[in-house]
Amino acid sequence: MNNKMSSADHLAIGEPQSGSVSNRGRSVYAIVDCDCFYCSCERLFDPSVTGKPVVVLSNNDGCIISRSDEAKSLGVRMGVPYFEAKSVIEKNGVKAFSSNYHLYGDISMRVMDTLRALVGRERVEVYSVDEAFLRLDHIDPERLESFAVEIRDTVQCWTGIPVSVGIAATKTLAKIASRLAKKEKARTGCTLLLLDEEVQRKALMETRVSGIWGIGRSYASKLIGLGITSGWELRNMPESWAHTHLGGVVGRRLIRELRGEPALTMREELDGKKMIATTRMFGRPVTALNELKEAVATYTSRAAEKLRRQQCAATEISVFIVPREENYSLDFRNAPQFTARATLSQATSLTNELIKSAMRLVEEIFSPGATYKKAGVMLGKIRPDVSIQGNFFRTDSGRSNRYLMSAVDNVNFSMRDDVVKFVGTGLDKSWKMRQELRSKRCSTRWDELKEIT
DNA sequence: TCTGGGGTCCTAGGACCC
DNA sequence: TCTGGGGTCCTAGGACCC
């Protein structure tokens, strides 16, 4: 889940569009967006909740992060704490699930593979676990509408996941199209084209600025304060104005995109993450240093696995811990946190080496007597791991350790999480997050296959 | 009592260099 | 009294995304 908007190479201002130049200079982007993805995944293997209200909870069963349409119409809001919504949920028999990322990740791959089969691998940019941009400038304009329907029906048929499709001349307009398509499902059938100028104008007029991709909470309230409330009004502002008020070049791009001039092109295949983080709330408050260390060691092994999966090594590691605040104020998210960072003498992806530094960092920031609710590990300065291909300058022990890690990764992946692990990560892990309502990982674990009786 | 996790990009400003 | 100009690199912080 990453590749947000644009990097410098997406900046197409003042340049012809590179790479994706189409026959008639026409650009056509589609966004395919899974409908309430996590809930839809849960329904795949539990048909008893089809048509019933469903929600999926964040880690630690904290917040609501996905809602079915039925749950939405009961007034269950996105992002609210579970305990606040609990009464509505129980009263209406809403089925709640803990998040099951193994399942969602696997289903996501199937959806993306379907899209690649439909338009070709090089025309698909996976934007997040439940969304992908497609480049459709090879499709005859006459056929676009039926093609959108074909995409929707094929994904539904092959994977069981309902999707919406928005099509327009730019990515930003395509996002608006899919949003409107979802909103007016009955009329649009979940596919919508914003190619005609008049249709575009109407769509932008009924889109609030807060609903535009790239306008978050802070910009939205700023815009409204300046009297700009609709997408259409924003579209008609000068680029130079956007430069000063909406974050410089980012704002300029946004205005161009809204006018139908592509300023964000397709992103190249991911070349690996620049930062890898593993952070978690605890299932209960933690005060003991050794428990804190267990947790941080566990997160470090997880982060190291991610690092090895993309065949990289890191030279920077930082650890943070968050104390439980005394008074449960509104801005609990902005709680102070204590961070320590270390630069490693040599880039590594070995769990034991990373854990060793992490432990020192925990000791640095821990204060006895304090109570903590969350901790995290971040790996930075990431670059390709050369030792795996054999680095003459690295000692043999480093290399064989790297092979050992691959073996551990293989066992843990094929068997079950953490069959093989470092003792420092703890055996009992009573601080672990709560996940009381998790469904089975029936598409990725042999021992959790769906049984039909 | 209880409030997610994991990313990206851009800008401003300081340090440093010639 | 008066004290250059411009480049690069790095970091922190702010914005955004799902």
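So that the names make sense, note that chain A is the first sequence line, chain B the second, and so on, each numbered from 1. None of these values were measured; they are calculated from a predicted model.
Residues passing the ring-ring contact (aromatic ring centres under 6.0 Å, His included) test with A/His243: none are found, sequence neighbours excluded. A/Phe97 meets the ring-ring contact (aromatic ring centres under 6.0 Å, His included) test with no other residue; sequence neighbours excluded. A search for ring-ring contact (aromatic ring centres under 6.0 Å, His included) contacts involving A/Trp158 returns nothing, not counting sequence neighbours. Remark: A/Phe422 engages no residue in a ring-ring contact (aromatic ring centres under 6.0 Å, His included) (not counting sequence neighbours). In terms of the side chain to side chain contact (heavy atoms under 4.5 Å, CB included) criterion, residue partners of A/Glu261 (sequence neighbours excluded) are, by chain and number, A/Arg256, A/Arg259. With sequence neighbours left out, A/Arg308 forms a side chain to side chain donor-acceptor pair (under 3.5 Å) with A/Thr351, A/Asp409.
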Collect all protein-nucleotide pairs involving nucleotides 11-13 of chain B in which both atoms are nitrogen or oxygen and the distance is under 3.5 Å.
| unit_1 | atom_1 | unit_2 | atom_2 | d |
| --- | --- | --- | --- | --- |
| B/dT11 | OP1 | A/Val249 | N | 3.3 |

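Contacts classified as salt bridge (Lys or Arg N to Asp or Glu O under 4.0 Å) and involving residues 85-100 of chain A (residues at least two apart or in different chains) are not found. Here salt bridge (Lys or Arg N to Asp or Glu O under 4.0 Å) pairs that include residues 210-238 of chain A, with residues two or more places apart or in two chains, number zero. The salt bridge (Lys or Arg N to Asp or Glu O under 4.0 Å) analysis of residues 99-111 of chain A, with sequence neighbours excluded, yields the pairs A/Asp106-A/Arg110.
A heavy atom lying under 4.0 Å from DNA chain C marks the following residues of residues 218-228 of chain A, by number: A/Ser218, A/Tyr219.
The minimum heavy-atom distance between A/Leu57 and A/Ser99, with the atom names listed, is O-OG, 2.9 Å.
Rounded to whole Å, the separation between the C1' atoms of B/dG4 and C/dC17 comes to 15 Å.
Contacts of A/Ile212 with the nucleic acid, taken as non-hydrogen atoms under 4.0 Å apart, involve only primed sugar atoms and P, OP1 or OP2.
Paired runs in DNA chain C that reach 3 or more consecutive Watson-Crick or G-U pairs, where each pair keeps both distances under 3.5 Å, cover B:5-18 with C:5-18.
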